[in-house]
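What follows is a short report on a single structure.
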Amino acid sequence: MTNHNDLAELTTAVVEFRDARNWKQFHNAKDLAISLNLEAAELLECFQWKTSEEAIAEQRAAIEDEIADVLLYLLLLAEHLDIDLPAVVCAKIAKNNEKYPVDKARDNRAKYTEL
């Protein structure tokens, strides 16, 4: 498989994979959201009962696979809902910049309501 360096290319690749198997019929928003969370839970499982350092050292390949699975389901969910991921991510970063101004949030892990 060739490298896909942007979200549009990645989305095209995962949609082609899905469509070649005729799986779109099984992909509704609810089930894609559930699958996304199940994959995120599998990522968490890689870290269970270990320090971050131990998990990364011992399970790097599994962590990479689970991160990829999370992104694949996120791309499929965004495609299904016709969401422009780069646009919504940029909008969310702008909102976060307002909630967490640098002068109040720097070196502070408090929630924006507590700043």
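Computation of the quantities below employed the complete heavy-atom set of this structure, encompassing side-chain atoms and omitting hydrogens, waters and symmetry-equivalent molecules.
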At their closest point, which heavy atom of Ala29 faces which heavy atom of Leu77, and how far apart are they? O-CD1, 3.7 Å
Side chain to side chain donor-acceptor pair (under 3.5 Å) with Asn37: which residues, sequence neighbours excluded? none
Leu85 and Ala78: which non-hydrogen atoms are nearest, and at how many Å? CG-CB, 3.7 Å
Which residues satisfy the side chain to side chain donor-acceptor pair (under 3.5 Å) test with Glu79, sequence neighbours excluded? Arg18
Working to the nearest 0.5 angstrom, can you tell me the gap between Gln59 CD and Gln48 CD? 10.5 Å
Shortest non-hydrogen pair, Ala55 vs Cys46, comes out as CB-O, 3.5 Å
Rounded to the nearest 0.5 Å, how far apart are CD1 of Ile93 and CD of Glu98? 13.0 Å
Do the side chain of Glu39 and the main chain of Leu36 share a donor and acceptor less than 3.5 angstrom apart? no
Could you list the residues that satisfy side chain to side chain donor-acceptor pair (under 3.5 Å) with Asn28, not counting sequence neighbours? Asp31
If you count every heavy atom of other residues, nucleotides or ligands that lies below 6.0 Å from Arg21 atom CZ, does the total exceed 12? yes
Contacts of Ala94 that satisfy side chain to side chain contact (heavy atoms under 4.5 Å, CB included) - sequence neighbours left out: none
When rounded to the nearest 0.5 angstrom, what distance separates CZ in Phe26 from CG in Leu32? 12.5 Å
From Ile56 atom CD1 to Glu54 atom CD, the distance as rounded to the nearest 0.5 Å: 10.5 Å
Measure across Phe17 and Trp23 and return the closest heavy-atom pair with its distance rounded to 0.1 Å. CE2-CZ3, 3.4 Å
Atom CG of Leu81 and atom CG of Leu76: how far apart are they, to the nearest 0.5 Å? 11.0 Å
Crowding at CG, Asp82 (>12 non-hydrogen neighbours, <6.0 Å): no
My understanding is that only residues two or more places apart in sequence, or in another chain, count here; which of them pass side chain to side chain contact (heavy atoms under 4.5 Å, CB included) with Asp19? Val15, Lys24
Which distance, rounded to the nearest 0.5 Å, do you find between the CD of Glu45 and the CG of Leu43? 10.0 Å
By the definition side-chain contact (heavy atoms from CB on, under 4.5 Å), identify the one residue from Leu74, Leu71, Leu72 that meets it with Val14. Leu72
Sequence neighbours left out, what passes salt bridge (Lys or Arg N to Asp or Glu O under 4.0 Å) with Glu64? Give chain and number order. Arg60
